[in-house]
Amino acid sequence: MKHLYNRLSFQQKKAYWAWLFLAVPILFFAAVRFYPTINAAMISFTDWNLLTEGKWVGLANYERMFTDKVFWKVFANTFLYLIVGLPVSLTLAFVVAYYLDQVRFMHGFIRSLYFIPYLTTAVAMAWVWRWGYQPAPMGVINQILSSIGMPQQPFLRSPNQALYAVLAPAIWAGLGFQVIIFMAGLRAIPETYYEAARIDGIGKLATLWEITLPLLRPTLVFIVVLTSIGLLRIFDQVYNMTVDGQGGPLNATRPLVLNIYNTAFKDFDMGYATAQTMVLFLVLLIITLIQLRLMRSK
Amino acid sequence: MKQLSGLLLTTALALPLAGTAQAVEIEYWQYHFAERVEAMDQLIARFQDENPDITVKHTTFPYAQYQAKVAAAVPAGEGPDVVQLYYGWLRDYNKAGLLAPLPADEFDPATIDAEFFPIVQSMKVDGAYYGLPTAVRTMAMFYNKDLLAEVGYDPETPPTTLDEVVEATQKIVKRDEAGNLLVAGITAAPVSQDAHWWREVLVRQFGGQSYSEDYRTVTYNSPEGAAALQAISQFFTDLDVVDYGFMDEAQASFAAGKAGFLMDGSFRIGAVSRVEGLNWGVAPLPTHNGIEGNYSSYWLNGISSQTTGEELAAAQKFLKFITSPDSMQLWLDVVGELPARPSVAMTDANASHPVYGPFIAGLAHAHATDFVNEAAQRQIWLDMIDMIDVGGMSVEEALAASAEAEQALIDRYYAE
């Protein structure tokens, strides 16, 4: 063995060691990432209830998905979380960061106030919000609404409002993190650009549009990617804020991830659950590829 | 891979066994419910006193994860020796061969037939029992004595018919000037036993039946089923004596003294009696058209088919112990669930007990739903109520949609 090694050229030895070191993460990824992924893909072609041996059913699970109304409902919900949640949370976080950046009075204290929700357990927070949404006199939000003469809202009990009622605490919880990242981005923009703009007599809005936002682009891309992934995987809030963690009423709030969980661990239909997982995997893959392309174009 | 883990397992098992030939440890699993855990701890302590050579390890999981844990662990050979299962799951477990039949010499089927309530016989497959319950459950009507007295009722003679209950709820309900619900006439919330009350009690009282005799056909989509659904949904629709979802859980509003009536299972007794200042009573479920009805269910204890040798003998001994008359009485006293043997349940002291009495009386006319997937069938019920409450559907439309969904679920199960 030693003999063999000694006969290698310098380049070959370099490659040998490179592969040796690379082998560790490759083995790790193969064991905890690739193997389960391939295994899941195989399971998606079977009918398996965890207890008995799986039975090969070909594409039956995928065919069932196309005619399953609940699947399409949760598929749409998942994107609704993203399409609504992303712009709202980004705008909010940017506005807060932009103005907080200019505040000197108790700056650190205010900033930590924004950050606290991010540190709070999602489960505890979800339950506080769940009770807050109750009708008055139990629910504090409806209590406030009715005390200022506005009609009470059903929130979580309404198929039309429930999704937004679940999304609100999710956005609120993530706000602190986004604000911190935005502020770091804002601080990184050299003061000299702003001085130049002031000397040239450029207005506040134009400064924001022409200098701040373009220079914030790397920060923006980073937050967009992280927030998108977070929203597409929304689970804790829905699981804890809806009855039995089912994403009701009438599946109005159920995201794909929760549907997969229910299919697997409530219905014990592992084949159908993994088939849905493969679809989610493809969707995430496509979104990631699009985002990579957008980042590269700069 | 399989051989490797098998080898590791054998080694791991062999090591601790090498030195201790006499002492046997068996593992018991159930889901976490405070009173049941306490009762089982007491039973295990007694059992270990009687059998010093056997140790019982008691493991519990949250209800939401319990079924998944058992399903994953038993086939892998990592599971418990004695396991508690919901009666509705037995079919799946048997199909997979996860449970061992109880040997006829130790658990004589004829004796069990004679000594246990007849609902237990659904645990008998091809002449052999696959599990035995310590306790069975029925439903009854919990009522708030103070709220009844406030509106002029004698708290010791609560309403007995559905119409009387409806009338009482209309008197009990309290709303403020803005229409906010302060006190509900009756509970109505997703987390409740209302599904059972409707499926097995109300539908029968209105002259229908929710399923065919073999539970393979959904039959509640009928005028009788609609009348029964109207009877239960009227509380939060036409009568407005409660807002559906009031305080999230049915038992929460009742425990807070903010609801007049609660239809719930015997397992609720323990929790309700711990609420200080709540003046409550129990009466049989209301009758209708002169028909009494009840729903019963139970959790059974089975022995894993993976258990062999000394552990198997110990597991059988333990199963016998926890289904003995004395254990059943302890379970009743601690948890409030009814003894599965009439000889224990029907004692004068139990039958005339102000709290247990109505539940025990309910056993005489109780039905147990034969579920294919209890959680999914429950979800169909919840969706049906949502369709009426917030989905803008009529009772008939919701009933038809649910019957179709539930039939599809049952058909898919039997198609395998």
Side-chain angles (χ1 to χ4, degrees), chain A residues 31 35 39 47-53 55 57 60 64 67-70 127 130-131 133-139 142-143 145-147 149 151-152 154-162 239 241-252 254 261-270 272, chain B residues 1 64-76 89 92-98 175-176 178-182 189-192 243-249 252-253 256 258 372-376 378-379 382-387 389-393 398 401 405 409 412-413 415-416:
Chain A
Y35 169 70
N39 205 4
D47 182 2
W48 181 42
N49 69 356
L50 262 186
L51 297 180
T52 35
E53 282 289 307
K55 199 172 66 200
V57 292
R64 181 173 155 200
T67 54
D68 184 353
K69 272 181 259 166
V70 175
W127 276 90
R130 182 173 176 165
W131 279 88
Y133 281 132
Q134 288 266 328
M138 311 288 163
N142 270 320
Q143 189 88 32
L145 281 181
S146 61
S147 70
Q152 290 194 39
F155 295 118
L156 293 171
R157 278 297 303 151
S158 155
N160 300 321
Q161 296 180 3
Y239 189 76
M241 288 176 73
T242 58
V243 173
D244 282 7
Q246 288 287 318
L250 302 175
N251 301 318
R254 189 189 283 196
Y261 177 84
N262 278 338
T263 312
F265 300 111
K266 286 238 155 74
D267 299 344
F268 296 103
D269 199 342
M270 306 315 264
Y272 192 40
Chain B
M1 203 59 196
Q65 299 157 21
Y66 185 68
Q67 203 184 353
K69 292 265 188 202
V70 176
V74 174
W89 301 344
D92 268 347
Y93 283 82
N94 261 350
K95 205 194 248 178
L98 298 183
R175 291 180 183 270
D176 65 12
N180 296 324
L181 186 63
L182 301 177
V191 181
S192 71
D243 295 336
Y244 183 72
F246 180 54
M247 295 186 71
D248 257 3
E249 297 184 11
S253 57
K258 291 184 183 301
V372 299
N373 180 340
E374 197 267 334
R378 176 179 140 74
Q379 188 58 38
L382 291 176
D383 286 348
M384 178 161 75
I385 295 295
D386 277 347
M387 288 173 201
D389 186 39
V390 293
M393 282 172 132
L409 182 83
R412 200 158 55 235
Y413 175 84
E416 281 169 14

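A, B, ... follow the sequence lines: proteins, then strands. Residue 1 opens every chain.
- The residue among A/N262, A/N160, A/V243 with the most heavy atom pairs within less than 4.5 Å of chain B is A/V243.
- There is no contact between B/K69 and chain A, counting heavy-atom distances below 4.5 Å.
- Annotation: side chain to side chain donor-acceptor pair (under 3.5 Å) contacts of B/R378 (sequence neighbours excluded): A/D244.
- Donor-acceptor pairing under 3.5 Å is recorded for the side chains of B/N180 and A/Q152.
- Checked against side chain to side chain donor-acceptor pair (under 3.5 Å), A/T242 has no partners two or more places apart in sequence or in another chain.
- Between the side chains of B/D383 and A/Q246, no donor-acceptor pair is found at a separation under 3.5 Å.
- Summarising the geometry, atom CZ belonging to A/R157 is positioned 6.0 Å from atom OH belonging to B/Y244; distances are rounded to the nearest 0.5 Å.
- For B/Q379, the part sitting under 4.5 Å from any heavy atom of chain A is the side chain, from C-beta outward, and nothing else.
- A distance of 8.5 Å separates CE of B/M393 from CG of A/L250, quoted to the nearest 0.5 Å.
- Between chain A and the options B/I385, B/D248, B/L382, the largest number of non-hydrogen pairs under 4.5 Å is found for B/D248.
- The two residues B/M247 and A/W131 make their nearest non-hydrogen contact at O-CH2, 3.9 Å.
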